[in-house]
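Here's the structure, in structure tokens; my notes come after.
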Amino acid sequence: MSMLAPALAAIPAYAADYSTALARAPYLTDLTGLHVNINWATDKSATVGTLRWGPVSDGACQLTSTATASRVSVTIGKLGRYQWKVPLNLPATGTYCYRPYLATTDLLGTAASPTFTTQVPAGSTDPFSFAVFGDWGLVDASGVNAEQTGVMSGIAEAGVRFAVTTGDNGYPSGSQTNYGDLQQTGGNTSAIFGPDFWTLAGPTVPLFTTPGNHGLSGTTEIKTWTQDVVVAESGGRYQNEVYCCVNGTFSANYGSAWYAFDAGPARFYILTSAWGNTNRGTANVYANDYAAHFVPGAPEYEWLKQDLETHPRAVKFAFSHYPFYSDSATEASDTYLQGPNSLEGLLGSHGVDFVFNGHAHNYQRNLRSASGMPVTYVTGGGGAKVGPVGPCSAINAYAIGWSNSKAKGYACGAATVPTSKAQVFHFLEVTVAGSTITVEPTDSTGQTFDVQTYDLNATAPQTVIDSAPPAATTATTATIDFHSTSNPATFTCAVDGEAAVPCTSPLTLESLAEGVHSVAVAATTTAGTDPTPATASWQVDTTAPAAPLGLAASPGPGTVQLVWQPATDPSGIDDYMVTRDGAPLTTTGGAQFTDAAVTAGATYTYSVSATDGAGNQSAPSESVTTTVPSSIPVIFSDGFETGTLSAWTTRSGLTVQTEETHNGAYAARATTTNGATYAKKTLPATYADGYARVWYKPISTQSQVNILRFRAIDGTSLGYLYATPAGALAYRNEAAGTAIATSATIPAGSGWHALELHTTTTGLLEVWVDGVSALSTTTSLSTSPVGQFQIGEVNAGRTYDVVFDDAAFATARVGP
């Protein structure tokens with residue numbers, strides 16, 4: 001075996017120059033410090049793999065060292081292969097070359113020895129560049145993707161130190177077959193390791209991959225893009241593990257990949273922001289990803305927060321799949337990650353200047369969403385089928401997209417409409433020169449566009465308060481921790497509106513008087529002083545609120561409804577403690593509570609106390625004693641079990657049927673496109689205090705549906721309970737001509753619900769949904785007593801499909 005390659009080459013030769021035993025051209029991963037992994041794949045014609053490697057000296061490759069490779073078996077298509085890896089720990093910074101062997105076979109054949117350069121040392125001021133691209137690894141039925149080939153060629157020719165993806169590495173599922181090899185072709189085959197794709201750049205450009213939703217469930221990505229040292233050095237995670245079961249999702253095995261590394265003055269964060277497309281549970285994939293990865297307490301969130309806090313750097317970059325801001329109609333903005341209280345704010349408050357996302361198959365550069373937030377890019381044009389962009393949002397500074405079905409380009413902001421889809425496929429070349437960052441998008445034809453240069457030193461620092469007292473507290477001592485997004489920095493603090501004075505973190509304040517206090521902190525660097533200081537304010541409150549007033553109890557069948565007047569306090573009321581028979585029963589946030597754990601005929605004594613925002617608890621209210629009724633004084637009821645509407649005085653449009661029932665064999669259904677579906681009952685007397693209950697199931701509601709109505713004995717409408725087309729429940733007060741909203745929503749398709757309405761001629765109005773209070777108020781109602789009780793809708797011209805069952809009228813709570 002020759003110790004010297006014939007010559008050096010910036011771009012590796014095509015597969016025709018390689019040995020037929022080579023299945024995947026060598027590719028580089030895990031570039032950190034003086035370490036790199038060299039990977040390749042072969043057939044199984046031999047079981048020993050080695051790597052010859054050495055420095056490049058005066059332009060010549062010196063293969064002075066030999067390393068033994070480790071192997072694992074993989075299946076690519078229908079072929080068994082060996083995947084090989086050699087982790088190299090290099091003696092010094094510089095440029096190195098290498099050649100892999102299978103037994104005595106030189107796998108590169110007549111091709112030149114590839115070269116690579118060690119990672120830029122942490123803290124170095126030497127300029128360097130890296131590439132960013134995403135949503136790639138797709139071929140047509142013939143195994144071809146000319147635009148992706150253009151992108152890969154551009155990366156190979158750019159001279160970048162390394163590359164980072166933004167997710168979706170291989171379509172449709174990121175499998176070993178999708179990744180492929182040098183020999184096999186066809187639809188969904190060899191879209192990454194085919195001869196015209198990563199083979200062009202991989203031997204010379206180390207790659208860090210960000211996971212996406214395509215390939216998230218498999219182990220191919222983690223086994224292929226080996227990142228051993230960089231993960232260990234940053235305390236990150238790089239493994240497949242079980243996720244269970246946020247937002248009602250099923251248990252699933254997904255990749256967890258998050259880690260960080262340094263290059264020059266910058267720190268790079270590779271994050272997992274993705275979720276399985278078919279595992280939605282009760283939410284959507286964005287909500288599930290946020291709940292699994294980025295809520296406080298989640299492993300990724302806690303790792304990221306700790307690393308950001310303990311690694312101050314002049315420049316920080318983050319890479320994740322789901323886009324913070326995207327004007328794609330199919331892959332829209334991930335609102336769960338936006339804003340100061342989510343991932344965007346966590347990154348921005350710790351000095352992350354740029355975030356690169358994928359998922360949307362186009363290009364989009366966004367403005368900062370607010371002062372101190374990062375600049376965000378969507379770069380999803382690495383090789384997957386590109387898509388259009390628009391409508392264009394205000395934050396969108398420049399975007400281009402393409403409709404394949406219409407063969408038409410789209411643009412936002414300052415962009416020119418592309419004339420071919422080749423102009424939308426792209427990668428970004430990012431150059432770091434001290435505090436100057438240049439982002440140079442390059443399309444698949446080699447043309448650059450939307451080149452932007454950012455001078456981070458010209459940007460005033462942002463001040464971040466990391467911890468401060470809660471909004472209300474009994475403590476008269478306060479500690480405030482803070483930092484700057486740029487370093488080094490000095491700080492000034494203004495306490496309670498006084499003049500700002502120099503300070504350091506943490507700031508401790510003592511002997512604070514009762515009342516409102518505030519701190520404003522401003523950071524100063526060589527770029528200037530933060531024009532918008534970070535502020536914190538809180539209330540010192542050591543005084544308990546007054547005891548709640550007006551406690552009243554309304555017993556019903558199996559429940560006691562408690563209501564009282566809301567308490568007040570300078571620091572607000574957090575909750576109320578309900579006491580029953582002298583023992584604590586529960587806490588509740590509102591000035592009402594339904595006790596459903598009662599026994600018919602039993603007597604109970606209740607009181608309530610209020611707790612303010614600082615934790616001070618009031619004295620208990622005056623107690624109230626009530627007895628749960630042993631039986632329900634029902635005046636009228638009908639479960640429609642006669643199979644007719646004969647129990648009602650008048651009726652129209654309702655059908656007694658057996659397909660949809662709550663209880664028993666029959667229920668009344670209103671299926672109409674013209675409304676006028678109701679049943680009225682003239683009661684045996686008039687009632688100044690009346691309760692009506694019906695079980696209600698909305699199947700579809702394109703129009704408003706009136707559900708329960710009270711009428712005077714002469715038929716005059718007193719008021720009715722109704723649902724909007726979206727299911728919002730409200731009461732129409734006919735006496736005042738006003739609508740009163742409840743706290744309940746009963747959307748179509750939500751099943752059966754017990755609705756109960758209570759009114760009095762003295763103005764008490766109450767509504768319960770499934771036994772829980774949804775409205776309790778006193779207002780100006782009609783003084784006429786109830787003489788008729790109605791279910792359903794008298795108005796014409798409405799479209800809905802709803803069902804009623806187990807209707808009743810009584811002089812006390814009927815209950816569900």
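No hydrogens, no waters, no symmetry mates; every other heavy atom, side chains included, goes into these values.
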What about the rings of [X] and [Y], do their centers lie closer together than 6.0 Å?
X	Y	value
W648	F636	yes
F640	H662	no
Y576	F593	no

With side chains defined as the heavy atoms from C-beta onward, is the minimum distance between [X] and [Y] less than 4.5 Å?
X	Y	result
Q702	P725	no
Y696	V705	yes
T594	V772	no
V694	I707	yes
F809	V634	no
Y410	V424	no
V628	T599	no
V769	I746	yes

Value rounded to 0.5 Å, distance of [atom1] in [X] from [atom2] in [Y]:
X	Y	atom1	atom2	value
H753	T745	NE2	OG1	10.5 Å
L337	Y290	CG	OH	8.5 Å
D595	L585	CG	CG	5.0 Å
N247	W275	CG	CH2	8.5 Å
Q704	T799	CD	OG1	13.0 Å
Q561	T626	CD	OG1	11.5 Å

If I compare all heavy atoms of [X] with all of [Y], which pair ends up nearest, and what's the gap?
X	Y	value
A668	L645	CB-CD2, 4.4 Å
S342	Q338	CB-O, 3.4 Å
T605	S623	CG2-CB, 3.8 Å
F710	Y691	CZ-C, 4.2 Å
S621	L551	OG-CD2, 3.7 Å
T760	L781	O-CD1, 3.8 Å

So, [X] side chain and [Y] main chain: donor-acceptor pair closer than 3.5 Å or not?
X	Y	value
T649	T682	yes
H361	K385	yes
D327	C392	no
R693	D806	yes
D168	H359	no
R368	M373	yes
N357	V378	no

Quiz item: Under the side chain to side chain contact (heavy atoms under 4.5 Å, CB included) criterion, do D135 and H321 qualify, and how do the steps go?
Solution: CA-CA 9 Å; D135 298 270; H321 187 56; 3.5 Å; yes
Practice problem: Applying salt bridge (charged side-chain N to carboxylate O under 4.0 Å, His left out), name anything that partners R651, two or more places apart in sequence or on another chain. | Solution: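 R651: no salt bridge (charged side-chain N to carboxylate O under 4.0 Å, His left out) contacts found.
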Self-check item: Results of salt bridge (charged side-chain N to carboxylate O under 4.0 Å, His left out) for D801 - residues two or more places apart only
Solution: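 Counting only residues at least two positions away or on another chain, D801 forms a salt bridge (charged side-chain N to carboxylate O under 4.0 Å, His left out) with R669.
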Quiz prompt | Salt-bridge contact E734-R709 (side-chain N to carboxylate O under 4.0 Å) | solution =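 Answer for the salt bridge query: yes.
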Under 3.5 Å, is there a donor-acceptor pair between the [X] and [Y] side chains?
X	Y	answer
S333	T335	no
T644	T642	yes
Y243	N279	no

Exercise. Hey, can you tell me if H214 and Y171 have their rings parallel, tilted or perpendicular (30° and 60° cut-offs)?
Key: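 Tilted.
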Practice problem: Return the orientation label for the Y398 and Y363 ring planes: parallel under 30°, perpendicular over 60°, tilted otherwise. | Solution: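 Taking Y363 first and then Y398, their aromatic rings stand perpendicular (interplane angle over 60°).
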Self-check item: Intermediate values then yes/no, side chain to side chain contact (heavy atoms under 4.5 Å, CB included), F804 and L654
Solution: CA-CA 9 Å; F804 302 98; L654 291 176; 4.3 Å; yes
Quiz item: After noting the C-alpha distance and the side-chain angles of S571 and D569, does the key distance pass the side-chain hydrogen bond (donor to acceptor under 3.5 Å, both in side chains) rule?
Solution: CA-CA 5 Å; S571 58; D569 188 88; 2.8 Å; yes
Quiz item: Under 6.0 Å from the CD atom of E622, do we count more than 12 heavy atoms belonging to anything else shown?
Solution: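 No.
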Quiz item: When you look at NZ of K421, are more than 12 heavy atoms from neighbouring residues, nucleotides or ligands closer to it than 6.0 Å?
Solution: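 For K421, atom NZ is not crowded (no more than 12 foreign heavy atoms under 6.0 Å).
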Quiz item: Could you go step by step and tell me if W564 and V578 meet the side chain to side chain contact (heavy atoms under 4.5 Å, CB included) rule?
Solution: CA-CA 11 Å; W564 57 90; V578 179; 4.2 Å; yes
Quiz item: Between F294, Y336, F324, Y322, which is the residue that forms a ring pair (Phe, Tyr, Trp, His ring centres under 6.0 Å) with Y286?
Solution: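 Testing each of F294, Y336, F324, Y322 against Y286, the sole residue satisfying ring pair (Phe, Tyr, Trp, His ring centres under 6.0 Å) is Y322.
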Quiz item: Which of these, Y800, Y722, Y720, Y678, sits in a side-chain contact (heavy atoms from CB on, under 4.5 Å) with E793?
Solution: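 The single option meeting the side-chain contact (heavy atoms from CB on, under 4.5 Å) with E793 is Y800.
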Quiz prompt | With L775, the side-chain contact (heavy atoms from CB on, under 4.5 Å) member among V767, L721, L729 | solution =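 Only one of V767, L721, L729 forms a side-chain contact (heavy atoms from CB on, under 4.5 Å) with L775, namely V767.
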Quiz item: Given N362 and Q364, is the side-chain hydrogen bond (donor to acceptor under 3.5 Å, both in side chains) satisfied, shown in steps?
Solution: CA-CA 7 Å; N362 48 43; Q364 180 171 331; 5.6 Å; no
Quiz item: Taking it one step at a time, do S273 and D289 satisfy side-chain hydrogen bond (donor to acceptor under 3.5 Å, both in side chains)?
Solution: CA-CA 6 Å; S273 177; D289 165 59; 2.9 Å; yes
